[in-house]
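Working notes, structure below.
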Amino acid sequence: MYFLIALVSLLATCAFGTENIALGKPTWQEHPWPDPNYYSGDNVVDGLYTDRSLPGGQCSASANAQYTATWRVDLGSVFSISHINIYYKTDNLPIPTENARRMAGFYLYVSNTTSKDNGHLCFHENQTKQEMILEDISINCSVSGRYVIYYNERRRNVKYPGFYSKYAYNELCEVEVYGSNVSIHNEEIGKNKCPKSCQEGQCDINTGHCLKCILGLQGPLCDQNEFLQSDRNMHIVNSLKLICLTERPLGRAQQAIGFTQILKLICGPESSEIQSLFR
């Protein structure tokens with residue numbers, strides 16, 4: 001599984017110019033280990049995960065006996081993201097291991113704020129058998145955001161599958177966030193590769209398709225006029241062109257008649273909207 005994740009990351013890097021934009025960035029944990037000298041959340045973005053046991057010093061760990069566990073990394077600005085790789089603690093044993101019980105049920109978010117509730121849910125681990133949980137996992141998440149948030153919970157009033165751990169844990173060894181190394185707010189020419197008609201300059205960096213279009217445009221590249229895609233609206237445009245091409249200017253009453261006839265094609269001859277326009 002590790003080989004497959006590494007291969008996917010390499011292909012994405014070559015094809016789309018992505019890189020691990022989480023490397024060395026600041027992190028935060030909700031319930032850090034009581035001794036700050038051990039199991040820091042910064043271990044998750046240090047690029048090291050050859051020893052995936054706690055004594056190896058390359059993984060994080062949250063405090064024991066907690067019902068929620070949150071870890072996040074601050075990318076420093078809003079970036080277009082392609083995919084996210086997670087490497088959980090395995091104690092250097094063949095996966096799946098008993099640690100999957102602690103990983104079970106986790107959520108992964110991308111957000112523009114420190115709150116997961118304001119973000120986009122990229123993934124929810126909801127396998128029904130422990131042996132199906134992957135401690136090495138690559139998650140496609142083509143969105144834009146500043147914070148990547150790992151969250152897990154064990155609510156006291158919720159019945160979980162029998163293999164779930166009693167408490168929530170964060171025992172991440174590495175989280176890699178692959179995306180464009182240029183903030184979407186970078187206005188230098190050629191830096192932001194998204195089409196200019198993408199709303200807030202945000203697009204899927206794998207396909208170049210806009211995540212949202214600016215008002216009035218549509219299509220994957222937001223290069224199609226939304227109004228003109230309707231046959232009915234095209235009839236309006238063509239009718240307006242006929243009025244504009246009239247040899248002499250139309251009087252107010254004639255304009256009203258012309259526009260009324262056009263609107264009748266849309267709304268019907270008895271439309272109250274038409275009557276109100278020309279009272």
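Side chains included, hydrogens not; waters and symmetry mates left out as well; all remaining heavy atoms used. Just so we're clear, the structure is a prediction, and the values are computed from it rather than from any experiment.
- A donor and an acceptor atom, one from each side chain of S53 and D91, are nowhere located under 3.5 Å apart.
- Side-chain contacts under 4.5 Å among hydrophobic residues (ILVMFWY), followed directly or transitively, place Y107 together with Y109, L121, Y147, I149, Y151.
- Residue pairs meeting the salt bridge (Lys or Arg N to Asp or Glu O under 4.0 Å) criterion with at least one partner in residues 92-115, sequence neighbours excluded, are R102-E171.
- Sorted by first then second residue, the salt bridge (Lys or Arg N to Asp or Glu O under 4.0 Å) pairs that include residues 206-221, not counting sequence neighbours, number zero.
- Alongside L54, the hydrophobic cluster contains W33, Y38, Y39 (criterion: ILVMFWY side chains under 4.5 Å).
- Grouping Ile, Leu, Val, Met, Phe, Trp and Tyr residues whose side-chain heavy atoms lie under 4.5 Å apart, directly or via other members, leaves M132 alone, with no other cluster members.
- Sorted by first and then second residue, the salt bridge (Lys or Arg N to Asp or Glu O under 4.0 Å) pairs with a member in residues 66-80 read D74-R146; sequence neighbours excluded.
- Residues that satisfy the ring pair (Phe, Tyr, Trp, His ring centres under 6.0 Å) test with F163, not counting sequence neighbours, are absent from this structure.
- Taking F106 as the reference, F123, Y150 meet the ring pair (Phe, Tyr, Trp, His ring centres under 6.0 Å) condition, with sequence neighbours excluded.
- The SG atoms of C210 and C222 sit 2.5 Å or more apart.
- Each salt bridge (Lys or Arg N to Asp or Glu O under 4.0 Å) pair with one or both residues in residues 117-128, not counting sequence neighbours, would appear here, but there are none.
- Annotation: disulfide bond (SG atoms under 2.5 Å apart) contacts involving residues 68-102, sequence neighbours excluded, are absent.
- Within the 4.5 Å cutoff, the side chain of M103 has heavy atoms near those of the I86 side chain.
- Applying the disulfide bond (SG atoms under 2.5 Å apart) test to every pair with at least one member in residues 131-183, sequence neighbours left out, gives these pairs: C59-C173, C122-C141.
- The hydrophobic cluster analysis finds W28 isolated: no Ile, Leu, Val, Met, Phe, Trp or Tyr side chain comes under 4.5 Å of it, directly or through other members.
- With a 6.0 Å cutoff to the six-membered ring centre and a 45° limit on the axis angle, R155 does not count as a cation-pi contact of Y67.
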